[in-house]
There are 2 protein chains.
Amino acid sequence: MAATATRTLESTVPCCAPVTESALSNDEATEFAKVLAALSDPVRLRLFSLVAAEGESCSCRLEGPLERSQPTISHHTKILADAGLIVGEKRGKWTWWRIEEDQLARVRRVLGGT
Amino acid sequence: MAATATRTLESTVPCCAPVTESALSNDEATEFAKVLAALSDPVRLRLFSLVAAEGESCSCRLEGPLERSQPTISHHTKILADAGLIVGEKRGKWTWWRIEEDQLARVRRVLGGT
DNA sequence: TCCTCCCATTGACAAGTCTCAATATAAGTG
DNA sequence: CACTTATATTGAGACTTGTCAATGGGAGGA
């Protein structure tokens, strides 16, 4: 399940010192690269910003703006969820997605943010 | 030339409002995804952090730690430079790389940083 | 000038990614 | 129990990416 799978990466990225301060290890770089890779696709970036802007969104509201098929949207939400960047909660037939602020803050911090 | 090519993306990403505030347009997302893609590879992340940690580094000092061939290192420095994340300066036989703090700060800002 | 060293480019291949059609699953509705 | 709806999974095709061997180009040294 997507919602629980996200916990995996969240906890295995404790994380590391900012890249601007000391060189990343191989493992740290591999872990962190996965999170950045999740954000490095135009469709996923827009998906992410749509969810963030709405506060919460079901998958069915994303197909239109993103102009992608339903399986493709599902594919992208899974990648973002696996990276710990969004979390899905099932309510009835719908899956509601929201962004995981903590993980986003972690990304900024590793990129030298405060 | 890498050093001047970096200016391209830097100026075409003015950039946009943080993803947490409003949905990105297609063009904004495409531009910004390129910058994130440059950072979404383990070897490039380590390369970037090595350069940052040293303040400055020539390519020849990267092959060892990164355990990649010379053409591969050159390939990665080019991608980071094209994304405006590092800048290379030729001094004699060597190319010295340093990170572009402004572009890194821009990335953090689009990701909701201050 | 010739040789060496550093870096960039080209070409090729394996592996990964994005996309959609088709299908499966799971929850509500009648 | 059918039937519809929302999402997930599978499979396949086109495209992209990471990698290295081979080669090219430019700068300095003998």
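Values in this document were obtained by computation on a predicted structure and should not be read as measured data. Here is how names work: the chains are called A, B, and so on, in the same order as the sequence lines, proteins then strands, and each is numbered from 1.
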Between C:dG16 (C1') and A:Lys34 (NZ): distance, integer Å: 14 Å
Side-chain heavy atoms of B:Cys16 within contact of B:Val110, under 4.5 Å: yes
Donor-acceptor under 3.5 Å (A:Ser40 side chain, A:Ala37 main chain): yes
Any donor-acceptor pair under 3.5 Å from B:Glu31 side chain to B:Glu28 backbone: no
Interface polar pairs with nucleotides 13-15 of chain C, N/O, under 3.5 angstrom:
none

Test item: A:Arg44 side-chain N/O and A:Ala38 main-chain N/O as donor-acceptor pair under 3.5 Å: yes
Sugar-phosphate or base contact per nucleotide [nucleotides 16-28 of chain D; S, B, -; heavy atom under 4.0 Å]: --SBBBB----BS
Side-chain (A:Arg98) to main-chain (A:Ser57) donor-acceptor, under 3.5 angstrom: no
Donor-acceptor pair, side chain of B:Gln103 and main chain of B:Ile86, under 3.5 angstrom: no
Linked hydrophobic residues, B:Trp96 as query - side chain contacts closer than 4.5 Å: B:Trp94
Where at least one partner belongs to residues 57-68 of chain B, residue pairs that pass salt bridge (charged side-chain N to carboxylate O under 4.0 Å, His left out), sequence neighbours excluded: B:Glu54-B:Arg61
DNA chain D contacts among residues 47-58 of chain B, heavy-atom distance under 4.0 Å: none
Sugar-phosphate only, base, or nothing, as touched by B:Ser74 at under 4.0 Å among non-hydrogen atoms: base
Evaluation steps, salt bridge (Lys or Arg N to Asp or Glu O under 4.0 Å), between B:Glu56 and B:Arg91: CA-CA 12 Å; B:Glu56 212 174 42; B:Arg91 292 186 211 146; 2.6 Å; yes
Any donor-acceptor N or O pair under 3.5 Å, side chains A:Trp97, A:Ser59: yes
Length of the CD-P vector between A:Glu63 and D:dT5, whole Å: 14 Å
Relative orientation of the end axes in the helix from C:dT1-D:dA30 to C:dG30-D:dC1, expressed as an angle to the nearest 10° (five pairs per end): 20°
Pairwise side-chain contact, B:Phe32 with A:Leu39, heavy-atom cut-off 4.5 Å (strictly under): no
Separation of C:dC7 P from B:Ile73 CD1 (nearest whole Å): 10 Å
Carboxylate-amine/guanidinium contact A:Asp82 A:Lys78, below 4.0 Å: yes
B:Asp82 CG - C:dA8 P separation (whole Å): 11 Å
Modelled atom types, side-chain donor and acceptor of B:Ser69 and B:Thr72, under 3.5 Å: yes
Interatomic distance, B:Arg61 CZ vs C:dC7 P [rounded to whole Å]: 10 Å
